[in-house]
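First the structure, in the form of structure tokens, and then the observations on it.
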Amino acid sequence: MTKKATVLLVGAGGVGTIAALNLTLGGQAAVTTVLRSNYTKVTSEGFHIRSIDHGEIKAWRPHEVLNKIPSHKEQQFDYIVVATKNIADHSPTTAELIFPAVIPGKTIIVLIQNGLNIEKPFFKLYPHNICLSGVSLIGSHETSPGLIEHDDPDRLIIGAFTNPNLEVAEQEAAAQSFVDIYSASGKTVCTYTSNVPLHRWQKLVYNACLNTICAVTGLDTGRIRLAEDTVETLLRPAMKEIVAAAKAAGIELPEGVVDKMIHVDPLTIYLRPSMLEDVERGNMTEFENILGEPLREGTARGVSMPTATFLYHTLKAMQWRVKERKGLVTIPPKSV
């Protein structure tokens, strides 16, 4: 029998748990997950998963469940799959978080995360490791600890972030191998791409605009489209700015992508994007990688992005408010 790939999966929420399940069911990977808030629940009762791809599964557990990142001196993995939220303006960053488990020059890192330029901190810390991009198109949420509602099929686009220190062919082969492992269950659609920036910019037309506008206004994706002229004054201009920024960066997005992304969700499902849910729960958001990076890429090339600029600085102020509540910033005492 072929030896199974060893996978450490960090971030077993809605997306990460389905990834762990799919990798396990494919039979080509032994998956160890690192849990935090749901650790106690999952170790005692397992995951309860209601999945459009896999059906209803009760008391499911991966190969091993841990509550902290293991050291590679104690336990070695072929892959580290990262499916956590990516909070770039708070330490420890994702790249720092996985440091104990990374074997320099050997461990393949797979980032199933949103945003642009997310590979750069990893290349800085791990200059000789392969880093793969995972663009996930899935509807899956952890509605309570250990309970996963997966209602939109799992589609994952895998490619290699180009590490200039490594051979291109080696990186592409690693991406193809991961596609094979992830596809082995036959329950999902996992495809390879040689054009990682195209898929990341295309998803940003949705995430950098709908996700952020919902977070700022408190409206879901259906109500955004129903709320007077919000689409024409906020959403469409923001999306056009992202398309223009992508073009300036050398990425020509498909014609009609703006209208497609505006209407991609059926209006009456009233979808609540993850950033809106994070704001309402008092959590920090991924605004830097989702909006800050495309904004910086565009404006550095002379693209006018007034709507994106407004949204970015509003979310930055909202993030500061969360940090104050969590005791992460120090402010002078009130004058008397």
Side-chain angles (χ1 to χ4, degrees), residues 82 86 88 94-95 109-137 155-176 178-179 190-213 235-262 264 286-313 315:
V82 183
N86 196 343
T94 309
I109 301 165
V110 186
L111 302 181
I112 305 180
Q113 295 182 300
N114 291 320
L116 199 64
N117 296 331
I118 62 173
E119 75 281 8
K120 290 185 176 181
F122 290 86
F123 285 167
K124 185 176 180 180
L125 272 179
Y126 317 111
H128 299 289
N129 287 69
I130 292 173
C131 189
L132 304 183
S133 163
V135 173
S136 179
L137 308 172
R155 292 150 290 162
L156 184 62
I157 303 168
I158 294 290
F161 289 115
T162 303
N163 185 336
N165 299 315
L166 303 174
E167 293 292 332
V168 172
E170 179 188 10
Q171 298 174 74
E172 291 179 344
Q176 292 276 16
F178 190 80
V179 169
C190 184
T191 55
Y192 167 77
T193 180
S194 61
N195 193 345
V196 166
L198 172 66
H199 294 281
R200 289 205 160 265
W201 275 104
Q202 184 163 289
K203 191 173 182 184
L204 283 169
V205 177
Y206 182 100
N207 271 346
C209 305
L210 254 174
N211 216 344
T212 57
I213 292 170
L235 184 56
R236 190 179 299 276
M239 288 184 169
K240 285 183 174 180
E241 290 170 17
I242 296 299
V243 172
K247 185 174 183 178
I251 304 299
E252 192 80 39
L253 294 177
E255 186 176 351
V257 68
V258 169
D259 281 324
K260 177 183 177 181
M261 291 302 179
I262 289 173
V264 69
E286 303 177 281
F287 79 101
E288 283 290 1
N289 289 316
I290 287 177
L291 181 57
E293 285 299 313
L295 176 62
R296 287 185 279 272
E297 291 288 333
T299 54
R301 293 170 171 83
V303 179
S304 176
M305 303 179 72
T307 312
T309 299
F310 162 75
L311 291 169
Y312 171 75
H313 287 288
L315 286 163

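The CD1 atom of I130 lies 12.0 Å from the CG atom of N165; values are rounded to the nearest 0.5 Å. Atom CD1 in I213 sits 7.5 Å away from atom CE in M239 (nearest 0.5 Å). A distance of 10.0 Å separates CD1 in I290 from CD in Q113, rounded to the nearest 0.5 Å. Taking OG of S194 as the start and CD of Q176 as the end, the distance is 9.0 Å to the nearest 0.5 Å. One distance of note links CD1 of I157 with OG of S133; it measures 8.5 Å at 0.5 Å rounding. Interatomic distance, CD of E286 versus OG1 of T94, reported as 8.5 Å (0.5 Å rounding).
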Set out, in order, the CA-CA distance, both residues' side-chain angles and the distance that settles side-chain contact (heavy atoms from CB on, under 4.5 Å) for E241 and V303, then state yes or no. CA-CA 8 Å; E241 290 170 17; V303 179; 5.7 Å; no

Given the rule in the side-chain contact (heavy atoms from CB on, under 4.5 Å) test, do R200 and I118 qualify, once you have shown the distances and angles that lead to the verdict? CA-CA 10 Å; R200 289 205 160 265; I118 62 173; 3.6 Å; yes

Evaluate the side-chain contact (heavy atoms from CB on, under 4.5 Å) criterion for residues F287 and T212: first the C-alpha distance (whole Å), next the side-chain angles of each, then the deciding distance (0.1 Å), finally the verdict. CA-CA 8 Å; F287 79 101; T212 57; 5.7 Å; no

Would you please test T193 and L198 for side-chain contact (heavy atoms from CB on, under 4.5 Å) and show each step? CA-CA 9 Å; T193 180; L198 172 66; over 6 Å; no

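Considering every non-hydrogen atom in both N129 and F123, the closest pair reads O-CE2, 4.3 Å. Here the closest heavy-atom approach between residue G298 and residue A245 is recorded as CA-CB, 3.7 Å. Taking both residues in full, the closest heavy atoms of N195 and H199 are given as O-CD2, 3.3 Å, listed atom of the first, atom of the second, then distance. Taking both residues in full, the closest heavy atoms of A308 and L291 are given as O-CD2, 3.8 Å, listed atom of the first, atom of the second, then distance. Closest approach of A238 to L311, counting heavy atoms only: CB-CD1, 4.3 Å. Minimum heavy-atom separation, C131 to E119: SG-CB, 4.4 Å.
In this structure, the side chain of Q171 engages the main chain of L166 through a donor-acceptor pair within 3.5 Å. A donor-acceptor pair under 3.5 Å links the side-chain atoms of N163 to the main chain of P127, judged by distance alone. A distance-only check finds a donor-acceptor pair linking the side chain of Y126 to the backbone of A95 [under 3.5 Å].
Looking at heavy atoms from C-beta onward, V196 lies out of side-chain contact with T162 at the 4.5 angstrom threshold. Taking the side chain as every heavy atom from C-beta outward, N86 and N114 never approach each other to under 4.5 Å. In this structure the side chain of R296 reaches within 4.5 angstrom of the side chain of E288, judged on heavy atoms. Residues V205 and V243 have side chains in contact (heavy-atom distance under 4.5 Å, counting atoms from C-beta outward). Between F122 and F161 the shortest side-chain heavy-atom distance does not fall below 4.5 Å.
For the side chain to side chain contact (heavy atoms under 4.5 Å, CB included) test with I112, the passing option among L132, V82, L156 is L156; the others fail.
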